Amino acid sequence: MALAVTSSLSTAISGRSFPLSNGSSELKAPQIGSFRIFERSSGQSSVVNFSQRKSLVKPINAEPKRNDSIVPSAATISAPEVEEKERVEVEDYEQLAKDLENASPLEIMDKALEKFGNDIAIAFSGAEDVALIEYARLTGRPFRVFSLDTGRLNPETYRFFDTVEKHFGIRIEYMFPDAVEVQALVRSKGLFSFYEDGHQECCRVRKVRPLRRALKGLRAWITGQRKDQSPGTRSEVPVVQVDPVFEGLDGGIGSLVKWNPVANVNGGDIWNFLRAMDVPVNTLHSQGYISIGCEPCTRPVLPGQHEREGRWWWEDSKAKECGLHKGNIKQEDAQHNGNVNGAANANGTVAETDILDSQNLVALSRTGIENLARLENRKEPWLVVLYAPWCRFCQAMEGSYLELADKLAGSGVKVGKFRADGEHKEFAQSELQLGSFPTILFFPKHSSQPIKYPSEKRDVDSLMAFVNALR
């Protein structure tokens, strides 16, 4: 990852004090209190009022002109000289997390930057986590920012990156996926395979592996995770932790520290902070997007919907981690996610009450669906949904599917269901085109090959149009 710094940053990191600037005369936010920081050279403390100026230091983490000769890879940078006592120091991060549990994001950010200097960087996704950059600026310390360019981001996000660089006077250190890996994935599975077999493989190529390379050049990183973002996976995120998944510069488990300064802040307070400080935001937010990722996997949410419902909406909420924060998923949740978007008990079944019950709908057994799939000349066509009763998307379409079954009663089209989770999942994936729940198949009268319903519109009219086009 390339260092986007000027010579003054090198001075600050090597142990010499960095000069305070007079700052901007602009005043963009109301009084938010003062914070005590320490001069690097003398150890003397001084109180800095953050409401006085937009910035108390020169943007020493920024370079006035981009140097295209710098290779943007964190793993290729040389580690700055660090005193030996800092290398052997052992920190109890569980205790530190408890000590900082009630601390403000600004205090946590300051602690992180003070402790790790140039060996820490902010992970910026192009969403409301721009608040992290503002908090870093307010500490008056030098800081670095990196971002993962997957090649599939919205145009608005790319423009926002440029806006952020200009607003804060920084250069974001971009990490890119391996071109050979992306090429192999697309050539073998197409551009949108994640709609069929889940997002993990694509995220692994485009996000997780580039992140892994970036973190190998660091000893700590800062994320915008919040407990209220994803109740299924982030409800217990601490403000600081030893990263349970990735390795840092020194290698091995425990070599990387993960800071989450806004873990205890709710989304509403983040937005109040951004408005108060007049921080630019991604224009997608004004279009209904809350959680923002890659363009094919992100959509606006409706009023009242949770923000993560706009990400990978065809999958279960428990699985909504791309792999960057995989350590949030507990062991029992990992079993849950092992079924296509779903939860399985130890015996491969689930305890939820069954759904899609109607006298006009046939519940197919494993033998029944196998026989139906083998038939080349059926007496009548069939419409069958592969479902799991715990899947909220299956639950959401229950009313439409039952209404469709009633409308098709006596029409010559049989309507059925097959529960495809648990022990039947592997069979459904290999033989019935199961990608995610629900999967709807039409078995024509004179063909053994079922036709998969391609749309996510599961209202009665859309499903009826599908049936009418094929029967």
Side-chain angles (χ1 to χ4, degrees), residues 1-5 59 61-74 121-134 136-137 143-179 181-183 185-186 191-192 194-195 199 202-215 221-225 229 270-271 274 278-301 307-308 310-313 322-325:
M1 183 187 303
L3 273 175
V5 299
N61 58 305
E63 59 183 11
K65 185 176 181 180
R66 190 186 302 272
N67 185 347
D68 294 330
S69 66
I70 296 178
V71 179
S73 172
I122 297 169
F124 177 48
S125 70
E128 81 281 358
D129 54 354
V130 68
L132 297 175
I133 304 178
E134 178 67 6
R137 183 189 69 82
F143 60 94
R144 296 168 59 187
V145 179
F146 75 94
S147 188
L148 306 176
D149 183 352
T150 65
R152 302 297 294 268
L153 303 178
N154 286 278
E156 291 88 346
T157 299
Y158 288 113
R159 286 192 286 269
F160 182 49
F161 285 151
D162 184 65
T163 299
V164 167
E165 287 189 323
K166 292 176 180 177
H167 179 83
F168 290 99
I170 63 175
R171 289 299 186 193
I172 298 171
E173 302 172 40
Y174 297 101
M175 296 299 295
F176 300 90
D178 182 91
E181 290 184 350
V182 172
Q183 178 176 283
L185 173 63
V186 173
L191 287 167
F192 300 97
F194 37 81
Y195 291 138
H199 69 274
C202 184
C203 286
R204 185 164 56 249
V205 171
R206 293 181 181 271
K207 299 177 73 172
V208 178
R209 288 172 182 166
L211 176 66
R212 193 180 301 277
R213 294 199 311 270
L215 296 179
W221 63 309
I222 302 170
T223 85
Q225 290 190 105
Q229 281 177 325
I270 289 290
W271 279 98
L274 294 175
D278 196 19
V279 177
V281 297
N282 195 322
T283 57
L284 288 173
H285 290 304
S286 64
Q287 301 174 38
Y289 292 79
I290 301 181
S291 179
I292 299 174
C294 293
E295 185 276 332
C297 301
T298 307
R299 69 179 182 182
V301 296
E307 63 184 83
R308 296 292 281 186
R311 302 287 296 278
W312 308 295
W313 57 90
C322 60
L324 305 190
H325 306 295

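Predicted, not measured: the structure shown is a model, and the values here were computed from it.
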Peer 1: Rounded at 0.5 Å granularity, tell me how far CG in Asp149 sits from OH in Tyr158.
Peer 2: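 It is 3.5 Å, given to the nearest 0.5 Å.
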
Peer 1: Indicate the atoms forming the closest heavy-atom contact of Thr150 with Cys294, along with that distance.
Peer 2: OG1-SG, 3.0 Å

Peer 1: Which atom names give the shortest non-hydrogen contact between Thr157 and Ser125, and what distance separates them?
Peer 2: CG2-O, 4.2 Å

Peer 1: How long is the straight-line distance from CD1 of Ile172 back to CD1 of Ile122, given to the nearest 0.5 Å?
Peer 2: 10.5 Å

Peer 1: Might you point out which heavy atoms bring Val281 and Leu274 nearest each other, and give the distance in Å?
Peer 2: CG1-CD1, 4.0 Å

Peer 1: Kindly give the heavy-atom pair with the smallest separation between Ile290 and Glu128, and that separation in Å.
Peer 2: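 Closest heavy-atom pair between Ile290 and Glu128: O-OE1, 3.6 Å.
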
Peer 1: When rounded to the nearest 0.5 angstrom, what is the spacing between CH2 in Trp221 and CZ in Arg144?
Peer 2: 14.0 Å

Peer 1: Just how far is it from atom CD of Glu134 to atom CG of Asp278, taken to the nearest 0.5 Å?
Peer 2: 9.0 Å

Peer 1: First locate atom CD1 of Ile292, then atom CD of Gln287, and finally report the distance between them rounded to the nearest 0.5 Å.
Peer 2: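 Output value for this atom pair is 9.0 Å.
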
Peer 1: Examine Arg204 relative to Phe194 and say whether NZ or CZ is less than 6.0 Å from the centre of the six-membered ring and inside a 45° cone about the ring axis.
Peer 2: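 Relative to the ring axis of Phe194, which defines the angle, Arg204 lies outside at least one limit.
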
Peer 1: Answer yes or no: is there a donor N or O on one side and an acceptor on the other, between the side chain of Thr298 and the main chain of Gly293, under 3.5 Å?
Peer 2: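 Yes: the side chain of Thr298 pairs with the backbone of Gly293.
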
Peer 1: Just to verify, what does Arg209 make a side chain to side chain donor-acceptor pair (under 3.5 Å) with, not counting sequence neighbours?
Peer 2: Glu181

Peer 1: In Å and rounded to the nearest 0.5 Å, what is the OG to CD distance from Ser147 to Glu165?
Peer 2: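 Between atom OG of Ser147 and atom CD of Glu165 there are 10.0 Å.
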
Peer 1: Looking at Glu156, is its backbone amide N or carbonyl O close enough to the side chain of Asn154 to form a donor-acceptor pair, meaning the two atoms are under 3.5 Å apart?
Peer 2: no

Peer 1: What class does the angle between the rings of Phe161 and Phe124 fall in, given that below 30° is parallel, 30 to 60° is tilted and above 60° is perpendicular?
Peer 2: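 It falls in the perpendicular class, over 60°.
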
Peer 1: Minimum heavy-atom separation for Val182 and Pro177, please, with both atom names.
Peer 2: CG2-CB, 3.8 Å

Peer 1: Which atom names give the shortest non-hydrogen contact between Ala127 and Phe160, and what distance separates them?
Peer 2: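 It is O-CE2, 3.9 Å.
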
Peer 1: Do side-chain atoms of Asn282 reach the backbone of Gly126 as a donor and acceptor pair under 3.5 angstrom?
Peer 2: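 Side chain of Asn282 to backbone of Gly126: a pair is present.
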
Peer 1: Is there a donor-acceptor pair closer than 3.5 Å between any side-chain N or O of Arg213 and the backbone N or O of Phe176?
Peer 2: yes

